[in-house]
Amino acid sequence: MHRSAKVEILLGMLCLALFLWVMIERPKEESVTYELESEPVLAPEDNGKKVMYLTFDDGPSKYTEEVLKILKEADAKATFFVTNEFPDYVSLIKEEKKQGHAVGVHTYSHQYEKIYQNSDAYFSDIEAMQTIIQEQTGERTTILRFPGGSSNTVSSSYCTGIMSELSTLVLQQGYEYYDWNATNGDGNTGWNADTLIETAKKEIGSQPVVMLLMHDGGGNGETVKALPSILDYCKEQGYEFRVIDETTPQFHHHINN
């Protein structure tokens, strides 16, 4: 075999090995499977109602303004778990609050390898985002969502047991964290609007109380296209839209790390 051919084969094998390593090691955006520790329970006066908590992660971004427009047209309120991934759009946090939506912290950087090093790194990142939220809305928030959810396992690559630790510490520091029990699947950026709509319907199912995970961050513009149909479906099924507040029941996943 000629030397040049051997070199080409070797380079090809190295490229394949690198590709496989990246696919294995890169953080997954959300947990593929999830299960709540317990079923969410509404207050007695809400017995018999169907309640929908619409939530959007990873924004604000270039998609957020259109999401806000669609929500306004549908007379639907949502909760936005915000980051500073797209600084050019940070002023939209003020607009979210102004339009009656709730704002929660999702982290400043959304960098798994950074925030899940240890608890100090996590809370430092949270505080950086709290500063921005207070600048935009005039107040801090007491609600948060962990990147990947509390059930994520990718955090174990950076610190064993970090989610068990953080899920306790955030409560001690006056926060409440919220996972979800349904998603439209837009963590998969290759899915089109029709797939997102059908996924949302399937995941919502017949659940009386739903925390629906979606994204207005940089992941999937198809969410904007799918949102009107998802909202219409929720209305047809008799759901009442609510923002997360002190009356919202717990939505905690099982901790896997």
Side-chain angles (χ1 to χ4, degrees), residues 21-41 53 55-59 79-85 102-130 132-133 140-189 203 207 209-219 244 246 248-257:
W21 180 84
V22 170
M23 292 301 292
I24 293 172
E25 293 297 325
R26 68 179 181 178
K28 302 300 187 295
E29 177 58 28
E30 305 293 350
S31 302
V32 176
T33 59
Y34 45 85
E35 182 181 357
L36 294 180
E37 288 183 341
S38 59
E39 291 300 313
V41 179
Y53 296 95
T55 67
F56 294 89
D57 289 7
D58 299 0
T79 300
F80 291 85
F81 290 101
V82 297
T83 74
N84 194 46
E85 289 189 89
V103 175
V105 60
H106 195 42
T107 65
Y108 180 93
S109 66
H110 204 269
Q111 295 176 9
Y112 287 52
E113 68 277 12
K114 178 180 179 181
I115 63 174
Y116 292 140
Q117 286 182 47
N118 52 57
S119 59
D120 288 342
Y122 175 80
F123 283 107
S124 176
D125 199 271
I126 288 292
E127 281 303 310
M129 195 63 219
Q130 283 279 28
I132 292 176
I133 291 172
R140 292 166 63 89
T141 182
T142 59
I143 62 175
L144 61 79
R145 174 171 285 162
F146 297 111
S150 66
S151 59
N152 84 79
T153 56
V154 69
S155 57
S156 63
S157 299
Y158 312 113
C159 182
T160 301
I162 187 66
M163 298 315 303
S164 296
E165 182 181 3
L166 290 178
S167 62
T168 298
L169 289 177
V170 295
L171 299 179
Q172 292 176 354
Q173 295 200 20
Y175 289 100
E176 179 56 85
Y177 70 90
Y178 292 91
D179 292 311
W180 58 91
N181 62 347
T183 175
N184 68 348
D186 62 0
N188 187 326
T189 57
E203 295 241 335
Q207 298 182 99
V209 188
V210 178
M211 184 78 67
L212 182 62
L213 168 68
M214 297 179 283
H215 295 80
D216 66 319
I244 295 174
E246 64 277 0
T248 304
Q250 283 189 350
F251 283 78
H252 290 176
H253 289 169
H254 288 292
I255 307 297
N256 296 314
N257 175 35

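The two residues Pro147 and Ile115 make their nearest non-hydrogen contact at CG-CD1, 3.6 Å. For the residue pair Asn257 and Gly161, the shortest heavy atom distance occurs at OD1-N, 2.7 Å. Contact record, Val103 with Val82: CG1-CG2, 4.0 Å, taken as the closest heavy-atom pair. Minimum heavy-atom separation, Pro249 to Val209: CG-CG1, 4.4 Å. Residues Gly148 and Tyr112 share a closest heavy-atom pair of N-OH, 3.3 Å. For Leu36 against Pro40, the heavy-atom pair with the smallest separation is CD1-CD, 3.8 Å.
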Inset, instruction - Take Ile143 and Thr79 through the test side chain to side chain contact (heavy atoms under 4.5 Å, CB included) and record every step on the way to the result. - result: CA-CA 10 Å; Ile143 62 175; Thr79 300; 3.8 Å; yes
Inset, instruction - For side chain to side chain contact (heavy atoms under 4.5 Å, CB included), just list the numbers for Ser151 and His254, CA-CA rounded to whole Å, side-chain angles, deciding distance to a tenth of an Å, and then say yes or no. - result: CA-CA 6 Å; Ser151 59; His254 288 292; 5.8 Å; no
Legend entry - Derivation and outcome, side chain to side chain contact (heavy atoms under 4.5 Å, CB included), residues Gln173 and Phe123: CA-CA 10 Å; Gln173 295 200 20; Phe123 283 107; 3.7 Å; yes
Legend entry - side chain to side chain donor-acceptor pair (under 3.5 Å) between Asp179 and Ser150, worked out: CA-CA 7 Å; Asp179 292 311; Ser150 66; 2.5 Å; yes
Legend entry - Trace of the side chain to side chain contact (heavy atoms under 4.5 Å, CB included) decision for Tyr53 with Ile244: CA-CA 7 Å; Tyr53 296 95; Ile244 295 174; 4.2 Å; yes
Inset, instruction - Just do the side chain to side chain donor-acceptor pair (under 3.5 Å) check on Asp125 and Ser109 with the steps written out, would you? - result: CA-CA 7 Å; Asp125 199 271; Ser109 66; 2.9 Å; yes
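For the atom pair CG (Asp58) and NE2 (His215), the distance works out to 4.5 Å, reported to the nearest 0.5 Å. Distance check: Met129 CE to Ser124 OG gives 13.5 Å after rounding to the nearest 0.5 Å. The distance from the CD1 atom of Ile132 to the CG atom of Asn84 is 3.5 Å, given to the nearest 0.5 Å. Atom OG1 of Thr107 is separated from atom NE2 of His110 by 5.5 Å, given to the nearest 0.5 angstrom.
Between the side chains of His252 and Glu176, at least one donor N or O lies within less than 3.5 Å of an accepting N or O. A donor-acceptor pair shorter than 3.5 Å cannot be found between the side chains of Glu203 and Asn184.
A salt bridge links Arg140 with Glu127: at least one charged nitrogen is closer than 4.0 Å to a carboxylate oxygen. A salt bridge links Asp57 with Arg145; the closest basic N to acidic carboxylate O contact falls under 4.0 Å.
Remark: of the listed residues Tyr122, Tyr175, Tyr116, Tyr122 is the sole one forming a ring-ring contact (aromatic ring centres under 6.0 Å, His included) with Phe146.
Among residues two or more places apart in sequence or in another chain, the side chain to side chain donor-acceptor pair (under 3.5 Å) test is passed with Gln111 by none. For Gln117, there are no side chain to side chain donor-acceptor pair (under 3.5 Å) partners, not counting sequence neighbours. Residues satisfying the ring-ring contact (aromatic ring centres under 6.0 Å, His included) criterion with Phe81, sequence neighbours excluded, are absent altogether.
Thr141 places a side-chain heavy atom less than 4.5 Å from the side chain of Gln130. You'll find the side chain of Met163 reaches within 4.5 Å of the side chain of Ser155, heavy atoms only. Within the 4.5 Å cutoff, the side chain of Tyr178 has heavy atoms near those of the Thr248 side chain.
Crowding of Tyr108 atom OH: a count of heavy atoms from other residues, nucleotides or ligands under 6.0 Å not exceeding 12.
Asn188 places no side-chain N or O within 3.5 Å of a backbone atom of Gly185 that could act as its donor or acceptor partner.
In this structure, His253 and Trp180 have perpendicular ring planes: the angle between them is above 60°, well past the 30° mark.
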